[in-house]
Protein chains: 2
Amino acid sequence: MSTNREDGGSRRQGGAAFLLAQLGAHAAARFAEGIAELDLTPAQAGVLRLLARTPGRSQRELADELGMPPSRFVPFADKLEERGLIERRRNPGDRRLYALHLTDEGVTLLSALGEVAAAHEQRMCQALTPDEHEQLRALLARMAAQQGLSPGVHPGYRQVRPDRVHRPREPHSPEESRTPDQGGND
Amino acid sequence: MSTNREDGGSRRQGGAAFLLAQLGAHAAARFAEGIAELDLTPAQAGVLRLLARTPGRSQRELADELGMPPSRFVPFADKLEERGLIERRRNPGDRRLYALHLTDEGVTLLSALGEVAAAHEQRMCQALTPDEHEQLRALLARMAAQQGLSPGVHPGYRQVRPDRVHRPREPHSPEESRTPDQGGND
DNA sequence: TATTGTTATACTCTATAACTATA
DNA sequence: TATAGTTATAGAGTATAACAATA
């Protein structure tokens, strides 16, 4: 047992680590909802951001960084290429590997994505004052660095599909009324 | 240590929401590693904790709270019952539903789980002073409450298997003081 | 008829590994 | 021979829906 005072409220909500996992999953799910309006998944948003920072990376590199096997990266990149967001260029020096680049359309979408991210940031931190918000960011950044997390990527990118939303008890949200009757017998 | 703080660095790491998702996934993965030594998955640990707080709940209730369909909860509970951690008792009032209870063995394991959680808490917050640690916990608790998250559960419990660990930059491992022993099995 | 628990089935997602083309 | 990219396939995990018992 820990020597910290774990009575009362702190025990019921769990420690910082639990709250981190809980809020982190929540944040990821809400972000996925937000970018779904751009028809993007978290993994897709992640690779766009990676390519914006370092263009010309090979599929192998990106797959490795995102934590997905190369075999899964191929159809993943295919979709982005079909949508005209990224572009495969042959590397003259080594014709085995592609160099991936953002298209102009990809850059445009990336900026829209930035707006979504900003709105998401505000919504997540509604409960905090601007001062606390910055305080929190600083604490988290320090923790992430100490834990050896590389900036810009997180394990959720492994998943192709965004997290399903879990709503145990929703205080304020329009229910997506899913018709209990499928509308026909089948 | 010399932490050269540069404005670019904070922006490169993303905002608080991104760090939350990143650290949250990391915390969940590390916690899963920790309880794997007790042969428990996060979802199993979650239901044990729920039963400790409110014994006698029905499978339906628990499945709903954990975010898994009842059909999946059945084999999930089966395993815990086979291991002697929980117990199904018939409800005399309504014979349709079971009342789930922790066994003595379940209570014992739960306390071992508490120790793992405490160690996990400390490891996650290594970078913080005790004061900052408490500060962070308070901020997160406030955010979780405002976001309508119910205490004690998080969406990660939906998954049966724990998150795979994502190590984008394993080769160097710059300042990770992590023993390669724990959780070596991926 | 509605609800709890259960079982069955079909479907999706995934990793592994074979295959090609370049080096 | 080794590596980047690709394709094929078998396996795991999942939700949906049908079912039996009880209310």
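All values derive from a computational prediction rather than experimental measurement.
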Here the distance between atom P of dT6(D) and atom CZ of Phe76(A), to the nearest Å, is 14 Å
Checking dA15(C), dT6(C), dT6(D) against the side chain of Tyr98(B) (C-beta onward), the nearest is dT6(C)
Among the nucleotides dA15(D), dT6(C), dT4(C), whichever has the atom closest to the side chain of Gln59(B) is dT6(C)
- request: Indicate whether any N or O donor in one side chain lies under 3.5 Å from an N or O acceptor in the other, for Gln59(A) and Arg88(A).
  value: yes
Glu121(B)-His133(B) side chain donor-acceptor pair, cut-off 3.5 Å:
yes
Sugar-phosphate only, base, or nothing, as touched by Phe73(B) at under 4.0 Å among non-hydrogen atoms
nothing
Leu62(B) CG to dT4(C) C1', in whole Å, measures 13 Å
Just checking, is any N or O donor in the side chain of Arg90(A) or Tyr98(A) under 3.5 Å from an acceptor N or O on the other one? yes
Closest to the side chain of Leu97(A), out of dG5(C), dA4(D), dA15(C), is dA4(D)
From CG of Leu66(B) across to P of dT14(D) the rounded distance in Å is 13 Å
If you apply the rule side-chain contact (heavy atoms from CB on, under 4.5 Å), what do you find for Arg49(A) with Phe18(B), and how did you get there? CA-CA 13 Å; Arg49(A) 207 156 23 156; Phe18(B) 180 87; 3.4 Å; yes
Residue set satisfying side chain to side chain donor-acceptor pair (under 3.5 Å) with Asn91(B), at least two apart, ordered chain then number -> none
| field | Check: Ser58(B) main-chain N/O paired with Glu61(B) side-chain donor or acceptor under 3.5 Å | value | yes
With five pairs defining each end axis, the helix from dT1(C)-dA23(D) to dA23(C)-dT1(D) comes out bent, to 10°, by 10°
Rounded to whole Å, CD of Glu61(B) lies from P of dT4(C) at a distance of 9 Å
Against the side chain of Arg72(B), the closest entry in dA4(D), dT7(C), dA15(D) is dA15(D)
Presence of donor-acceptor pair under 3.5 Å, side chain of Ser71(A) and base of dT16(C): yes
Q) Would you call Glu134(A) and Arg137(A) a salt bridge, using N to O less than 4.0 angstrom? A) yes
Below 4.0 angstrom, N of the basic side chain to O of the carboxylate: do Arg83(A) and Glu105(A) qualify? no
Check ion pair Arg89(A)-Glu87(A) (N to O, under 4.0 angstrom): yes
Quick tally for nucleotides 18-23 of chain C: nucleotides whose base has a protein heavy atom under 4.0 Å get B, sugar-phosphate-only ones S, the rest -, giving ----BS
